[in-house]
Number of protein chains: 2
Amino acid sequence: MLTYDFTKGEGPLYQKLYKFIKDDISKGVLLPGEKLPSRRSLSDNLGISTVTVDNAYDQLAEEGYISAVPKKGYFVAENLTASFSVEKRSEFKAKSKKKKEEYDFDFSISRPAAESFPFSVWAKLTRENVAGRSEKLLEVSGSSGIYELREAIAGHLSSFRGLHASPDQIVVGAGTEYLYGLIIKLLGKNKKYCVEDPGYRKISQIYEAEGVKHAFGRMDESGLLVSELVRTKADIAHISPTHHFPTGITMPIGRRNEIMSWAYEKEGRYIVEDDYDSEFRLRGNPIPPMQSMDTMEKVIYINTFSKSLASTIRIGYMVLPEHLAERFYEKLAFYSCTVPTFDQYTLSDFIKKGYFEKHINRMRHQYTRKRESVLEIIKRELEGVEYRIIENDSGLHFILHLFTKHTDKDLENALKKRKIKISAVSDYCMQTPEKQLMGNFIIDYSNLDVSLLPHALNALKECL
Amino acid sequence: MLTYDFTKGEGPLYQKLYKFIKDDISKGVLLPGEKLPSRRSLSDNLGISTVTVDNAYDQLAEEGYISAVPKKGYFVAENLTASFSVEKRSEFKAKSKKKKEEYDFDFSISRPAAESFPFSVWAKLTRENVAGRSEKLLEVSGSSGIYELREAIAGHLSSFRGLHASPDQIVVGAGTEYLYGLIIKLLGKNKKYCVEDPGYRKISQIYEAEGVKHAFGRMDESGLLVSELVRTKADIAHISPTHHFPTGITMPIGRRNEIMSWAYEKEGRYIVEDDYDSEFRLRGNPIPPMQSMDTMEKVIYINTFSKSLASTIRIGYMVLPEHLAERFYEKLAFYSCTVPTFDQYTLSDFIKKGYFEKHINRMRHQYTRKRESVLEIIKRELEGVEYRIIENDSGLHFILHLFTKHTDKDLENALKKRKIKISAVSDYCMQTPEKQLMGNFIIDYSNLDVSLLPHALNALKECL
């Protein structure tokens, strides 16, 4: 007869009994097909109630360890083959997890400064939503996001970017990376995508991970060359005409027209217009996006709140041409929106109540002042150094061109030894960079610590 | 000479001038290659300052509408081909956007009741985070999510599910739908996925949208048949052994072992174990997940907070076998985590401070009571009707089997006319449902309005 020590283990009696018997089955103490004692005899033997035995047997039966044969009793199941692992806490640490490099200073860090996030307003709006809209917060939003937010974005785009879209053309998602995936699902896996070279490596990594064909298109001083779209036999041009990273190029109207004509020429061709930091054009009027000059439904406009608010709130959106919006609702509407409704409502209020506009204006002023002091400090500290500032009027970085015999990599490594990070445009080249791209270093002032800048610039000077 | 009426339009003078000239270029009033008046002559002619003309010309040049030729002046650009659309607010409404059916009562609605969400605790934790961790909230989390949350989930899984994983095996993402996409990227596009039939249509829709091969595997009363995995030549079995939807089947240990053996047999075979509502096993001990019996790194465990908290917070997670965790960090770590850090920290505190456990216990009691009253009302209202309740001890629904001559569809349509929604197991069949699956209707009591239930049941009775 089975005998167990009930002083061991935790939990209610029936659970201990369940575990004892399960262990015996796992260890082979009880064999497949073996009959278990009747509930009454086991309860008598162990000095526990029949209800306890019932509960333990019930659970074992339910999980398939034993089975009940009517009028005969319980038997150990026949088909228990796989072995059970011994339970222990896993201490596994992923080796391939990259450790963050520790730097004292970073010329290229691109993210809004923490102190500038409008925490108090954000917290207030969140609180108001929880208090006043709790039902709404738990209602599943459509695949494209809640209407209120899409409406708020449509309004923002209309007044800030001269882009006139209806809320039904707007799809909200957990960041642009997620939205790229949706675009691929929308346009088809058999398309070939052309990305800008140099450019964000992540965009091509995503196309790679999604298993679609992609190519790198070279640029000149006006941006992506149309001849490259032709050479690579691309169907989709993925570009950032407002402000290209890392070169800072704003694509002139002529090139925009050429690329638009290329898209108009053939069915199935599209332009993905990545407008990731258009809010921070610090001088002059914002240049209208290509989407607003598109008369043939060829441009998918995509933007994010990563630069204008915070990348960690993970909200991006895209504006689809009408026929693609229809296709989205036909084919992909089964997907849930990836952004929590809580955050959607908060952001929607943030825009509609005018806080976003205020925030952008405040940040523009802040960035303008910062840009000026950064330029001033560079002028002062790099005296005697041969350099040139390549300005561009949008976005939050400019290019520091150094006339030096050192290669970009050498300079980066020399600074790395002093715990200073600097990135060059050539780091973002996928193919061998052309000569005129060398010596161009990225100065992103959005989150740059001005008080440490003189020290970092002096280190740079010493490395030259 | 160009002459414009500056009383029209809005904004600063230079912007008006910019727009006037741009419009003239768009309309062909100014032709490609045409020389523009000098800044001085235009300023004299229009009675505005030269700075205003400078600013307007600068912006036009920057956008490529005009170009400066040194010592000659400004000329309209040569390569302006595409036409410009007239700006107007788009009134587009997607036709293919499905209208929500309006029902007075829904037997199958599956989502936690709004009144049960722990809003006050959630708001308190959010507030504390904003006050005490604002820097952290803006720091980009790794691709798998913040460590604190992965640690909290590991602790929860260990104590609630007997699943012992390290935080490095856990990947957090914006819902299970998003995580399915990551799994595909991790295992490869060339794998064949087998899903349960009947089952959630969405899972196969996602495999379809992702462009991977998938098949439907038939089930018996123990769950997915191993013979179906063999027949469909599947590499990956996507199953929900704890609680299958819609049949409610809990896979017994024998079948689990068989499927595990199938996976062990061949390299590249895996099991996706979808444990979506395991927290709500209302009777007996939770059945340990297959992940905890896996000794050969074959099981990817996936779960969500959709059922245990709210689907609209969009947080899911998966536990990867160690070699797949390594592969994730090698190949997919460039992806940003799709969940906002704000929500990650709040959830992490919610679990670590014991609120999640309390919430689950509270919900268990609530659901147990609700289940009992629903069963009681059915017993009372369906007197005289031939039916059987097919119980299962986990999850938040059971099956009402009706002995009736009506087809499932007929009954559904008859009730639809009365604005009552009921779903049958056969609705979730991808292939022709087998006879024994007919007549089974889903009663989800998680969000069911008990006060309206008698009325709905009487309507059902009248339709029989």
Side-chain angles (χ1 to χ4, degrees), chain A residues 15 59 63-65 77 79 81-82 84-85 87-90 92-94 96-97 114 117 119 123 130 134-135 138 140 164-166 168 174-175 177-178 185 189 202 205 209 211 252-254 257 260-261 284-285 287 293 295 310 312-314 322 325-326 329-330 334-336 338 340-341 343, chain B residues 15 59 63-65 77 79-82 84-85 87 89-90 92-94 96-97 114 117 119 123 130 134-135 138 140 164-166 168 174-175 177-178 185 189 202 205 209 211 252-254 257 260-261 284-285 287 293 295 310-314 322 325-326 329-330 334 336 338 340-341 343:
Chain A
Q15 209 172 312
Q59 179 155 357
E63 295 180 18
Y65 289 100
N79 45 4
T81 52
F84 299 101
S85 70
E87 288 180 2
K88 66 176 167 70
R89 178 83 184 218
S90 166
F92 167 75
K93 288 210 183 304
S96 43
K97 210 170 165 181
F117 186 83
F119 276 116
V130 165
S134 58
E135 278 274 348
L138 298 187
V140 177
H164 306 283
S166 99
D168 269 13
E177 299 174 18
Y178 173 75
K185 291 181 187 80
K189 298 260 170 193
K202 211 179 244 192
Q205 282 176 313
I253 189 74
N257 281 332
M260 198 69 110
S261 302
N285 227 8
I287 295 178
M293 58 188 270
T295 55
T312 58
I313 69 163
R314 305 276 357 120
E322 297 184 3
E326 292 289 0
Y329 285 110
E330 263 164 41
F334 66 86
Y335 274 104
S336 307
T338 41
T341 48
D343 306 62
Chain B
Q15 209 171 311
Q59 178 154 358
E63 295 178 18
Y65 289 100
N79 45 6
L80 299 165
T81 52
F84 300 100
S85 69
E87 289 180 2
R89 178 86 184 214
S90 166
F92 168 75
K93 289 206 184 303
S96 44
K97 210 170 166 181
F117 186 83
F119 276 114
V130 166
S134 59
E135 277 274 347
L138 298 188
V140 177
H164 306 284
S166 99
D168 269 13
E177 298 173 19
Y178 173 74
K185 292 182 187 80
K189 299 259 170 193
K202 209 180 244 193
Q205 281 176 313
I253 189 74
N257 281 331
M260 198 70 108
S261 302
N285 226 7
I287 295 177
M293 58 187 274
T295 56
S311 72
T312 56
I313 69 163
R314 305 270 6 115
E322 298 184 2
E326 291 290 0
Y329 285 110
E330 264 163 42
F334 66 85
S336 307
T338 39
T341 49
D343 306 62

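Throughout, protein chains are lettered first and strands after them, A, B, ... in sequence-line order, and every chain is numbered starting at 1. Bear in mind that the values here come from a model prediction, so they are computed numbers and not experimental data.
For a residue to count as touching a neighbouring chain, one of its non-hydrogen atoms must lie under 4.5 Å from one of that chain's; by this rule B:Ser311 touches chain A with the side chain only. With a threshold of 4.5 angstrom between heavy atoms, A:Lys97 approaches chain B through its backbone and through its side chain. Only the side chain of A:Tyr178 comes within contact range of chain B, with at least one heavy atom under 4.5 Å from a heavy atom of that chain.
Using a 4.5 Å cut-off on side-chain heavy atoms (C-beta onward), B:Pro340 and A:Pro340 make contact. When side chains are defined from C-beta on, A:Thr338 does not count as touching B:Thr338, because their heavy atoms never get closer than 4.5 Å. Between B:Phe117 and A:Val130 the shortest side-chain heavy-atom distance does not fall below 4.5 Å.
Panel note: side chain A:Ser96, backbone B:Glu326; a donor-acceptor pair is recorded below 3.5 Å. In this structure, A:Lys202 contributes its side chain and B:Phe334 its backbone to a donor-acceptor pair below 3.5 Å.
Ranked by heavy-atom pairs shorter than 4.5 Å toward chain A, the options B:Ala325, B:Ala123, B:Ala209 are led by B:Ala209. When A:Ala94, A:Pro252, A:Gly211 are compared by the number of non-hydrogen pairs under 4.5 Å with chain B, A:Ala94 comes out ahead. Of the listed residues (A:Glu322, A:Lys93, A:Glu135, A:Lys185), the greatest number of heavy-atom pairs within a distance under 4.5 Å of chain B belongs to A:Glu322.
Nearest heavy atoms, B:Asp168 versus A:Phe92: CB-O, 3.8 Å. Considering every non-hydrogen atom in both B:Leu138 and A:Phe119, the closest pair reads CG-CZ, 4.0 Å.
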**Asked** Which is it for B:Ser336 and A:Arg314 under the side chain to side chain contact (heavy atoms under 4.5 Å, CB included) test, yes or no, and what are the steps along the way?
**Response** CA-CA 9 Å; B:Ser336 307; A:Arg314 305 276 357 120; 3.6 Å; yes

